[in-house]
Amino acid sequence: MGAATVSGHCAPGFDGVREAFERNFSEHGDVGAAVAVTVDGEPVVDLWGGHADAGRTRAWERDTLVNVYSTSKGMTALCAHLLVDRGELDLDAPVARYWPEFAQAGKQDLPVRWLLSHRAGLVAPRRPLPAGHAYDWDAVCATLAATEPWWPPGTAQGYHAVTFGYLVGEVVRRITGQSLGAFLRSEITGPLGARVFIGTPEEEHASCADMVGQLDEARLAEQFPGAPKPPFTSIADHPLAVLMLALTSIPTGDVNSAAYRSAEIPAGNAHASAHGLATVYGALAGGRLVGPATLEAMRRSQSLPGEPDLTIDALAPGGASLRWGLGYMLNQGQAGPNPRAFGHGGAGGSYAFADPENRLSYAYTMNRYGGGTTGTDPRNGGLVAAVYRALEQARS
């Protein structure tokens with residue numbers, strides 16, 4: 001741990017965010033990171049610092065991209081909501097209307113809404129996929145279409161950590177004829193000039209930071225030493241979180257490879273800059289991407305009061321259960337004081353959200369693997385607290 005060179009700017013009154021960002025290096029072990037905030041679509045914080053590799057030979061730049069893990073899901077969900085806003089996707093229609101093969105294994109009536117709200121019961125296939133299978137889009141989607149849900153769809157929520165991207169992404173592909181990553185780029189991030197990619201072009205790989213430390217099979221084995229091995233037959237056989245992660249078929253240590261960066265795994269391999277994510281969420285908060293009714297529906301709770309999340313709770317027993325909107329984590333303090341803010345976090349510690357009531361967007365990206373997916377990493381917490389202190393003082 002130690003001081004890092006921090007570049008960029010803060011608007012007057014937001015200097016506390018710079019101080020919190022610097023503390024992430026000196027006190028919380030960040031190697032390379034960036035934070036960006038917009039208000040009314042204008043950048044008020046745009047900071048970056050540290051290094052893009054474990055050897056600390058490459059400086060982190062404003063345009064540095066990094067794997068943001070499940071922070072990707074906010075971008076994937078947005079693609080679906082853009083189609084809803086255009087009248088091309090009905091969330092209450094059966095998935096099989098758009099993807100006929102999905103009707104197998106009793107799923108003929110399962111609505112699109114349950115894919116976005118993690119209620120489909122499709123956290124993983126029933127058997128492990130061959131190594132590298134995650135890179136074969138058609139094969140994964142065919143497997144999921146044939147998979148029997150792990151619980152009666154709609155009766156429970158359980159975080160679909162990896163399958164979410166294939167499920168939602170295939171619906172988008174069936175409607176648009178474009179892959180999820182291509183649609184995101186052509187319809188959202190490209191027009192906004194936002195550096196966010198799902199399926200990162202080869203010419204952008206040199207801009208990608210390497211992850212330093214990551215969730216892998218060894219760490220899972222330490223966390224769940226008594227977990228049974230697949231194949232499983234029922235949700236009583238295992239912690240669902242182990243099932244969900246063990247069957248992803250992404251080789252351990254692969255996240256810094258060219259193959260991983262080029263692939264489209266829309267639940268977890270977006271490569272983004274902080275200002276790119278903040279730009280997208282700023283446009284969303286400002287009503288420039290979808291209309292008011294769609295924006296309101298996106299953040300309407302799909303969870304029952306006090307309902308557990310079968311997978312997140314397995315990872316962190318006794319922790320606060322998530323409240324899900326339609327593809328987004330609803331704020332329970334990790335996104336500031338507004339309970340109506342919404343966004344998504346990623347394994348390792350990245351987090352991004354929109355706060356329409358305060359006309360604000362926020363994104364934090366980093367390459368030192370730390371906290372979990374839910375935005376409770378102390379690095380994120382310190383930054384968010386500093387942002388809202390500055391906002392409150394500016395408006396007092």
Side-chain angles (χ1 to χ4, degrees), residues 1-8 20-36 47-73 134 161-162 195-198 200 204-223 245 248 250-263 265 267-277 315 344-352 363-384:
M1 298 184 188
T5 300
V6 171
S7 302
F21 187 60
E22 291 172 343
R23 284 195 298 273
N24 281 349
F25 291 93
S26 62
E27 299 178 13
H28 297 299
D30 259 342
V31 174
V35 60
L47 299 172
W48 61 93
H51 294 87
D53 62 329
R56 301 178 191 249
T57 64
R58 291 192 290 133
W60 193 289
E61 307 288 351
R62 182 175 188 264
D63 285 339
T64 293
L65 303 170
V66 68
N67 179 32
V68 294
Y69 290 94
S70 285
T71 299
S72 311
K73 289 183 176 69
V162 176
R195 287 180 57 75
V196 181
F197 302 93
I198 294 177
T200 304
E204 294 285 356
H205 287 193
S207 299
C208 292
D210 290 338
M211 291 303 299
V212 179
Q214 56 192 280
L215 186 63
D216 58 24
E217 292 171 8
R219 292 174 73 174
L220 276 175
E222 290 176 3
Q223 189 166 4
L245 293 165
T248 62
I250 299 172
T252 299
D254 202 26
V255 297
N256 294 328
S257 71
Y260 179 82
R261 288 168 175 162
S262 294
I265 306 173
N269 87 326
H271 285 68
S273 67
H275 68 84
L277 288 168
L315 277 172
H344 216 290
S350 63
Y351 196 70
Y364 165 66
T365 62
M366 77 308 126
N367 65 342
R368 202 273 293 171
Y369 199 103
T373 301
T374 59
T376 55
D377 188 299
R379 295 171 296 177
N380 176 70
L383 290 168
V384 171

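We number each residue from 1, following the sequence as shown.
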Between His205 and Ser262, is there a side-chain donor-acceptor contact under 3.5 Å, judged purely by atom types and distance? yes
I need the minimum non-hydrogen distance between Tyr351 and Thr374, along with the two atoms involved. CE1-O, 4.1 Å
How long is the span from the CG atom in Asp254 to the CZ atom in Arg261, to the nearest 0.5 Å? 10.0 Å
Within the distance-only criterion (no hydrogens, no angle test), does the side chain of Ser273 pair as donor or acceptor with the backbone N or O of Asp63 below 3.5 angstrom? no
Rounded to the nearest 0.5 Å, how far does OG of Ser350 lie from CG of Asn67? 8.0 Å
Closest heavy-atom contact between Leu277 and Ala272? CG-CB, 3.8 Å
Tell me if a side-chain donor or acceptor on Asn269 pairs with a main-chain N or O of Ala263 at a distance below 3.5 Å. yes
Please assess Trp60 against Asp30 for the test side chain to side chain contact (heavy atoms under 4.5 Å, CB included), listing each intermediate value before the final yes or no. CA-CA 12 Å; Trp60 193 289; Asp30 259 342; over 6 Å; no
Shortest non-hydrogen separation from Tyr364 to Ala33 and the atoms involved: CE1-CB, 4.0 Å
Side chain to side chain contact (heavy atoms under 4.5 Å, CB included) for Met366 and Arg379? Distances and angles first, verdict last. CA-CA 10 Å; Met366 77 308 126; Arg379 295 171 296 177; 3.5 Å; yes
For Asn367 and Asp210, indicate whether the former's side chain and the latter's backbone hold a donor-acceptor pair under 3.5 Å. yes
Take Glu204 and Arg195 through the test salt bridge (Lys or Arg N to Asp or Glu O under 4.0 Å) and record every step on the way to the result. CA-CA 10 Å; Glu204 294 285 356; Arg195 287 180 57 75; 2.9 Å; yes
Kindly compute the distance separating CD1 (Ile265) from OH (Tyr69), expressed to the nearest 0.5 Å. 11.0 Å
If you measure from OG on Ser72 to NE2 on His344, what distance do you get to the nearest 0.5 Å? 9.0 Å
Side-chain donor/acceptor of Lys73 to backbone N/O of Ala161, under 3.5 Å: yes
Checking Trp48 against Thr64 for the side chain to side chain contact (heavy atoms under 4.5 Å, CB included) test, could you report, in this order, the C-alpha distance in whole Å, the side-chain angles of both residues, the deciding distance, and whether it holds? CA-CA 9 Å; Trp48 61 93; Thr64 293; over 6 Å; no
Side chains of Thr373 and Ser70, donor plus acceptor under 3.5 Å: no
Output yes when a side-chain donor or acceptor of His275 lies under 3.5 Å from a complementary backbone atom of Arg62, and no otherwise. yes
Are Thr57 and His51 close enough that some pair of their side-chain heavy atoms sits under 4.5 Å apart? no
One should read off an interatomic distance between Asn24 CG and Asp377 CG, to the nearest 0.5 angstrom, of 8.0 Å
Going through the distances and angles, do Tyr260 and His271 end up as a side chain to side chain contact (heavy atoms under 4.5 Å, CB included)? CA-CA 10 Å; Tyr260 179 82; His271 285 68; 3.9 Å; yes
